[in-house]
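Encoded as structure tokens, here's the structure I'll be asking about.
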Number of protein chains: 2
Amino acid sequence: MQNPESSGEGCGTVRRGRPRAFDREKALAAAMHLFWRKGYSATSISDLTAAMGIGSPSLYAAFGSKEALYAEALEHYGRMHEATAWGGFLAAATARDAVEAFLRDTAAGLSEAANGCMVTLSAVGAEGHEELGALVTSARNATLIRLEERIEQAKAAGEIDRLVDTHRLARFVQTVQNGMSLIARDGAELGELIAVVDMAMLAWDAQLREPPHV
Amino acid sequence: MQNPESSGEGCGTVRRGRPRAFDREKALAAAMHLFWRKGYSATSISDLTAAMGIGSPSLYAAFGSKEALYAEALEHYGRMHEATAWGGFLAAATARDAVEAFLRDTAAGLSEAANGCMVTLSAVGAEGHEELGALVTSARNATLIRLEERIEQAKAAGEIDRLVDTHRLARFVQTVQNGMSLIARDGAELGELIAVVDMAMLAWDAQLREPPHV
DNA sequence: CGGATTCTGCATCAATCGCTACATAATCCA
DNA sequence: TGGATTATGTAGCGATTGATGCAGAATCCG
């Protein structure tokens, strides 16, 4: 926050003084995994320094504070999972294919991580850290908006009837995806997650068969 | 834990010594709401004593420890919401009606509380308290088992084809219900939750129309 | 080399954590 | 009333929390 150079990693500038003895990216990844698994409040600085393999002064010099480290861990999480979560979605030819790819890729990702989605399951706002809570809330909202925009695009392309409720479709997909994070954290296996996706797509198809105005 | 009388509230026995100056049930309810909203780790004893309106010695005399208080708050939560969550489910004539009632009652409950379900969203196990984590995990699993048993019952009654995958149906319903907790905590309104339920029931109906073996 | 700069490890800060000892207050039974 | 029992309030326990001061080490530029 206070030092504008420290957070940006200063890619272009030549580093002066004693060089950092640890890999900042790896330390950040370790912190991310810890925050991901235990949440913000239950993760202490000593947990972090142990997992990152550094002392607390190095942590604070490199990341500023626990809150700033969490914010950066969130960004790192987003960078790491952007492609796997949205690649198929963006490449799909239709909104239906996009949604199905999105849910299937989510299922695949969740069955590997087994922690659920860091963004979906974060309760950092409710834990009393409103600024960080706003970060995760806006990240969640971005998913809903992406879904809605893709559906609107499908409407413009004539793929989906203009009278269909975009928000309803998107909310449903979001709900299923969120729920998958929870059952995955409780140990659901890939096959179960895939079955959930299949049933969700049945709902999608049935909803688009329904008369739009009832 | 150590004192067998303290946790059971000793309804029948005559109380001796100085009487308690606070309402144990109300204090427990206050603790439950705090744990519900903030989670286990982010809720401190001073938060609790402030919300319960008592001193810490009274808290420990009445509830034993923070962990025991959380466990009792969980039970209290279950008792408070058992009827509203499962009343319609148990009264329904068919499995389909039961599931729809379960999801609709969930939607109604979530739109009031706006915290999501305390059991669904608890991460106390991941926070490092495995015993409490086992409690919430088994509570979540109980929901899945109830759903599965109701579906099996419907199969026995000839209402649902025996070849349909019980676990798949139950997992889907559980996933949708879990997801609803998350979007409710993010501010989804009753109408949006109801729309999700409607779409979930489309999936239910479509799944039961599908040929069981593919 | 010397001086500036930056990072690391040790030690520690004030604050808070979960929890409790202790003296006093309020009730019961006799 | 007096002794037994239980609850309350103050005050504080040792441990841990998030976060730093500081001396020394390691690099840069000149």
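On a predicted model such as this, the values are computed, not experimentally measured, just so you know. Just so it is clear: chains get the letters A, B, ... in the order the sequence lines come, proteins before strands, and each one is counted from 1.
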In whole angstrom, give the distance that lies between atom CE of B:M52 and atom P of D:dG9.
->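 Answer to the nearest Å: 13 Å.
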Charged N-O contact under 4.0 Å between B:K155 and B:E152 |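 Looking at B:K155 and B:E152, the cut-off is met.
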Specify the separation, in whole Å, of atom CZ of B:F63 and atom P of C:dT20.
->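 Interatomic distance, CZ of B:F63 to P of C:dT20: 16 Å.
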Please list all pairs passing the salt bridge (Lys or Arg N to Asp or Glu O under 4.0 Å) test where one or both residues lie in residues 44-62 of chain A, with sequence neighbours left out.
->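 Sorted result for residues 44-62 of chain A: A:K38-A:D47.
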Whole-Å distance separating the NE2 atom of A:H129 from the C1' atom of D:dT17 |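 Going from NE2 in A:H129 over to C1' in D:dT17 covers 12 Å.
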A:Y40 vs A:P57, nearer the 5' end of DNA chain D by closest nucleotide |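 Nearest-nucleotide comparison on DNA chain D picks A:Y40.
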Is A:S58 near enough to C:dC7 that one of its side-chain N or O atoms lies under 4.0 angstrom from OP1 or OP2?
->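 Result: no.
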State whether A:S56 places a side-chain N or O below 4.0 Å from either non-bridging phosphate oxygen (OP1 or OP2) of D:dA19.
->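 Looking at the OP1 and OP2 atoms of D:dA19, neither is under 4.0 Å from any side-chain N or O of A:S56.
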Return yes when atom CD of B:E189 has more than 12 non-hydrogen atoms of other residues, nucleotides or ligands closer than 6.0 Å, and no otherwise.
->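 Not buried by this count: 12 neighbours or fewer within 6.0 Å.
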For the side chain of B:Y60, starting at C-beta, report the closest nucleotide among C:dG18, D:dT10, C:dT8.
->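 Of the options given, the side chain of B:Y60 lies nearest C:dG18.
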With under 30° as parallel and over 60° as perpendicular, where do the rings of B:Y77 and B:W36 fit, or are they tilted in between?
->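 The rings of B:Y77 and B:W36 stand perpendicular, inter-plane angle above 60°.
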If you restrict it to nitrogen or oxygen atoms, what contacts under 3.5 Å exist between nucleotides 14-17 of chain C and the protein, and what is each distance?
| residue | atom | partner | partner atom | Å |
| --- | --- | --- | --- | --- |
| C:dC17 | OP1 | B:S44 | OG | 3.2 |
| C:dC17 | OP2 | B:S46 | OG | 2.9 |

Which salt bridge (Lys or Arg N to Asp or Glu O under 4.0 Å) pairs, counting each pair once, include a residue from residues 107-127 of chain B, with sequence neighbours left out?
->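 Salt bridge (Lys or Arg N to Asp or Glu O under 4.0 Å) check on residues 107-127 of chain B returns no pairs.
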Apply side chain to side chain contact (heavy atoms under 4.5 Å, CB included) to B:R96 and list each qualifying residue two or more places apart in sequence or on a separate chain.
->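 Only B:T94, B:E100, B:M201, B:W204, B:D205 meet the side chain to side chain contact (heavy atoms under 4.5 Å, CB included) criterion with B:R96.
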Gap between atoms CZ and C1', on A:R20 and C:dG9 respectively (whole Å) =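 Atom-to-atom, A:R20 to C:dG9, this comes out as 16 Å.
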Between C1' of C:dC10 and CD1 of A:I54, the distance in whole Å =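 Going from CD1 in A:I54 over to C1' in C:dC10 covers 16 Å.
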In B/S/- notation, 5' to 3', how is nucleotides 25-30 of chain C contacted by protein heavy atoms closer than 4.0 Å?
-> BBBS--
Heavy-atom closest pair, residues B:L202 and A:A203 =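 Answer, listing the atom of B:L202 first, then A:A203: CD1-O, 4.2 Å.
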Can you say whether the rings of A:Y40 and A:Y70 are parallel (under 30°), tilted (30 to 60°) or perpendicular (over 60°)?
->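 Plane angle over 60°, so perpendicular.
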Would you list the pairs meeting salt bridge (Lys or Arg N to Asp or Glu O under 4.0 Å) in which at least one residue belongs to residues 172-188 of chain B, sequence neighbours left out?
->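 Sorted pair list: A:R140-B:D186.
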